[in-house]
Amino acid sequence: MGFFTEMFARPRPQEHLRYRTALALLHSTSNADRADIGIKPADFPRIAREMSIR
């Protein structure tokens with residue numbers, strides 16, 4: 001049980017917050033904007049990961 005306590009007690013890394021913010025930003029774009037950029041909702045996790053690393 002010590003493992004689970006350790007895992008959930010640690011603060012989340014900043015990258016996780018940036019990932020969630022980037023994902024929210026991508027989900028807030030309109031379908032027309034997505035078509036202009038050329039991305040699909042299936043690409044969102046990959047793009048959000050790349051945005052959070054920068």
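Any value given below was found using the heavy atoms of this structure, including those in side chains, with hydrogens, waters and symmetry copies removed. Bear in mind that the values here come from a model prediction, so they are computed numbers and not experimental data. By convention here, the first residue in the shown sequence is residue 1.
By the ring pair (Phe, Tyr, Trp, His ring centres under 6.0 Å) test, F44 pairs with H27, sequence neighbours left out. Checked against side-chain contact (heavy atoms from CB on, under 4.5 Å), A48 has the following partners two or more places apart in sequence or in another chain: Y19, A22, L23, L26. With sequence neighbours excluded, the residues forming a side-chain contact (heavy atoms from CB on, under 4.5 Å) with S28 are L25, listed by chain and number. Remark: E50 engages R46 in a salt bridge (Lys or Arg N to Asp or Glu O under 4.0 Å) (not counting sequence neighbours). Looking at residues two or more places apart in sequence or on another chain, you find a side-chain contact (heavy atoms from CB on, under 4.5 Å) between T29 and D33, R34.
In this structure, CG on D43 lies 11.0 Å from CD1 on I37, to the nearest 0.5 angstrom.
When every heavy atom of T21 is checked against every heavy atom of L17, the shortest pair comes out as OG1-O, 2.8 Å.
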